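Working notes, structure below.
Letters A, B, ... are given to chains in the order of the sequence lines, protein chains preceding strands, and every chain is numbered from 1. Note that the structure is predicted; figures quoted are calculated from it, not measured.
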Amino acid sequence: MTDLREIVAAAVQEAVVAVTGESIPLPQVEDPPRPEFGDLAIPAALELGRKLGRPPRQLAEELVAYLRDRETEGVRRWEIAGPGYLNAFFDRGYVLRRLMDSLLQSQSESESATAMGPKVVVEHTSINPNKAAHIGHLRNSVLGDSLVRLLRHQGVPVEVHNYIDDTGVQVADVVLGFADLMGLDAEAVRAMPDPFDYACWDLYTEVTARLKSDERLAARRREVLLALERGTGTEAEVGTVVVERIIRRHLATMARLGIEYDLLVHEADIISMDLWSAAFERLKASEYVYFADEGDHAGCWMMRLSGVAGFEDLEQPDKVLVRSNGAATYVAKDIAYHMWRYGELENPFSYREFDVSADGHVTWQSGAEGEQMPFGGADRGASVIDVRQEYLQSIVAFAVAIMDPDGRTDRHTHFDYEMVALTPKTAKTLGIPLTSEDQGRPFVEMSGRRGLGVKADDLLNVLEERAGEEVGKRNPDLSDGERKALAVQIAIAAARYFLVKFNRKTVIAFDLDEALNFEGETGPYLQYAAVRTSSIFELMRQRWGVSVEDAVRTVLSTQGPGGESSSGAVSAVDVKGELEPLSLDQIRDLLEEEENDMLWVLALQLGRFDRVVDLAVQSSEVSVIAKYAFTLAQDFNRLYHRYPILQEDDRTKRGVRLLLAYALRLRLQQAMSLLGIPVPERM
RNA sequence: GCGCCUGUAGCUCAGUCAGGAUAGAGCGUCGCACUCCGGAUGCGAAGGCCGCAGGUUCGACUCCUGCCAGGCGCACCA
């Protein structure tokens, strides 16, 4: 079904040709700021007037005269306003009818839809496996997971990767802590009680602090790092246990928010399975990779970036890929991973199951042994990584582009976002010590190294507790189990919404009070609106003995747009005279009454759903969905007070309001599901 | 120093990419609301030289230039 906007734009385009003889591209269509300016506004005459040296207003008169002589689908009348806008006013009955039809249709389609087309890999989370996840990591995972949901909604096959950096100094530091500070071996570390990631959080901070002054410990760190890289010895054993246990904790934390992964890629495997050496062979053949014989980087293999667009202003643009001691850098390993991800290297991995979730989803991990699986080899992909890694990621993207036989530069995207920081006030209330320098700042960056941050599980625990209190107050009849289950859903909503409501270039200065608020622009507000729609429908079923689906079918059971009888599924059922089929004229007349402008505004809002999803995907901006969902919920809550459904006696009013409430619930639920926010039965 | 990002109401943010009609939300403050489909709600009020200065334009929060302020990045760390 063609969008009405396109139809209107095409009509104006045709009018321009007819009136002026000028051919123009499809004109821009805007949403007018106020209802009296109609439903769509086209500023074409403004632009054209300047180009032709004619008064825009006069030009607009001629265009409108032309348009008024003809039928444009869905348009009831044209007007001119302001400096020369063309304002189109829809046939409100027709548009609502059309909206309902497409909703019912998309509902039945989505049930049978299977993903088609080239595969896309989305990599997110990728937390260093040496400590508990904090709320900054949560922003990454929630953004990444929402992106995955958006793409899947659009029918794109998505594979979710979580890159595990298990060879770096971060892991070495914690291993050092266990081995030297605590004197534990692998078995003892394996036997430690949970929360293991919390223990590592503290240990990591302690080791970092001691390393500053303890020369002997610093020397030991180099030994541990070497042992980890070789993969042999007791320290390597401890390292394996630490990584495995921490990842299980990370996945458990993310599972609380409904976030799952298809594949964990271990960085250690990239070396041990010779993925790096294969990548290196390919890279060496490139004009961009060379061996440095002299200078600061003597003995290193370098990537040549001087003269490459985007790197030209750097003092030393070239980047080390292989250190003079022969070890590959992080960027080098990341490049190898990306080349494999996009099918430019043969697959060296086998795969084992890492975990199976409650709903049966399997998370696999790379390794030397196991099964063959069709992972990697994607056509396109995105890596969700915070903006501080922009420089490194641009190198990775550059390498992907030069290794692509087709020379594509757009197949890999760095989905960048700003960090989550703490307001000094929140840090203080959480008992986190700050330097006097920090206290003067607008916000304080979280740091695993300094142990400075709010752990993800702590936030979720506090949210669940708070939600539990509220639920208990409102629903004293619920059992403990029911109350907890509800509190979990509300906590998910609060956390996820809070992390996506800001656009990704905004530094979130985390404020605990704000995050714990369940009123206003929050996840629970969305849930509340959805729950209210459901409870209206439930009450209707009790009073009238009719499901909302049957009720909607009844109201729609006359003819569809264009006069013919619409989709066969639509037929009336017995609703005991509480509802009746409504004609297009009845719906239109009702919606055109001024007191029903708010209903009409909601109908228009509902019609924007697909465009909003497109915009969110194109701009990689999840906040667009969050704002849209909030607007829907807000519209509904306003309507709820002004336009009762069950208590309305007029059956025309009742019917139209029911249609809108039904459409709203559907769209709101869809938007919430894109954000990973559950819709409770009650709350 | 160079590069990137940000600056909008007391606070936290939309709107800037595609210039246009009276710049919008939430929180906070003050006041109010249904014997009614749920008050995690709704309604109203107060609160804005859209960082500053130029420029382009019929028209600038939006584009361009300069400046000011804040953040981040520019490792043989990841």
message: side chain to side chain contact (heavy atoms under 4.5 Å, CB included) for A:Asp173 and A:Leu211? Distances and angles first, verdict last.
response: CA-CA 9 Å; A:Asp173 285 353; A:Leu211 277 168; 3.8 Å; yes
field: A:Phe311 CZ to B:C4 C1', straight-line distance once rounded to whole Å
entry: 13 Å
task: Determine the interatomic distance between P on B:G7 and the same-named atom on B:U62; round to the nearest Å.
output: 12 Å
- request: Report yes or no: is there a donor-acceptor pair, N or O only, under 3.5 Å between the side chain of A:Arg34 and the base of B:U22?
  value: yes
query: What nucleic acid atoms does A:Met540 come within less than 4.0 Å of, heavy atoms only: base, sugar-phosphate, or nothing?
result: nothing
field: Interatomic distance where CD1 belongs to A:Ile24 and P belongs to B:A18 [whole Å]
entry: 18 Å
- prompt: B:G38 P sits how many Å from A:Glu681 CD, rounded?
  reply: 16 Å
query: Looking only at atom C1', what distance separates B:C49 and B:A9, rounded to whole Å?
result: 14 Å
- prompt: Considering only the P atoms, how many Å lie between B:C2 and B:C67, rounded to the nearest integer?
  reply: 10 Å
- request: Mark yes or no for whether A:Asn87, through its side chain, and A:Phe37, through its backbone, hold a donor-acceptor pair below 3.5 Å.
  value: yes
query: Using a cut-off of 4.0 Å on non-hydrogen atoms, how would the nucleic acid contact of A:Pro43 be classed: base, sugar-phosphate, or nothing?
result: nothing
- request: List the steps and the verdict of side-chain hydrogen bond (donor to acceptor under 3.5 Å, both in side chains) for A:Glu521 and A:Tyr497.
  value: CA-CA 9 Å; A:Glu521 197 193 339; A:Tyr497 192 88; 2.9 Å; yes
- line: Here the distance between atom P of B:C74 and atom CG of A:Leu392, to the nearest Å, is 7 Å
message: Under 4.0 Å, counting only non-hydrogen atoms across every strand here, what does A:Val531 touch: a base, just sugar-phosphate, or nothing?
response: base
task: Once you apply the 3.5 Å cut-off to both distances, tell me the Watson-Crick or G-U wobble partner of B:U16, or none.
output: none
A:His641 (side chain) donor-acceptor with A:Arg638 (main chain) under 3.5 angstrom: no
query: Which is true for A:Ala298 with a 4.0 Å heavy-atom rule: it touches a base, it touches only sugar-phosphate, or it touches nothing?
result: base
- request: Return the nucleotide paired to B:G28: Watson-Crick means purine N1 to pyrimidine N3 with N6-O4 or O6-N4, wobble means G-U with N1-O2 and O6-N3, both under 3.5 Å.
  value: none
query: Within this structure, what is the CG-to-C1' distance between A:Leu46 and B:G59, rounded to whole angstrom?
result: 10 Å
- prompt: B:G38 C1' sits how many Å from A:Leu478 CG, rounded?
  reply: 14 Å
query: With a 4.0 Å cut-off on heavy atoms, is A:Ile536 in touch with a base, just the backbone sugar-phosphate, or nothing at all?
result: base
Separation of the C1' atoms in B:G28 and B:G71, to the nearest angstrom: 26 Å
field: Separation of the C1' atoms in B:G51 and B:C5, to the nearest angstrom
entry: 16 Å
task: Please report, rounded to the nearest Å, how far the P atom of B:G39 is from the CE atom of A:Met683.
output: 13 Å
message: On the nucleotide B:G42, are OP1 or OP2 found under 4.0 Å from the side-chain N or O atoms that A:Tyr525 carries?
response: yes
task: Would you mind pulling out the nucleotide paired to B:C4, Watson-Crick or G-U wobble, both distances under 3.5 Å?
output: B:G71
- request: Mark yes or no for whether A:Ser126, through its side chain, and A:Tyr163, through its backbone, hold a donor-acceptor pair below 3.5 Å.
  value: yes
- prompt: Taking the same atom, C1', in B:C72 and in B:G15, what whole-Å distance lies between them?
  reply: 24 Å
message: Could you tell me the Watson-Crick or G-U partner of B:C49, where both distances fall under 3.5 Å? Say none if there is no partner.
response: none
task: Using the P atom on both, measure B:A14 against B:U35 and round to a whole Å.
output: 40 Å
- prompt: Would you say the side-chain atoms of A:Thr329 pair up with the backbone N or O of A:Leu321, donor to acceptor, closer than 3.5 Å?
  reply: yes
Opposite nucleotide pairing with B:G54, Watson-Crick or G-U, both atom distances under 3.5 Å: B:C64
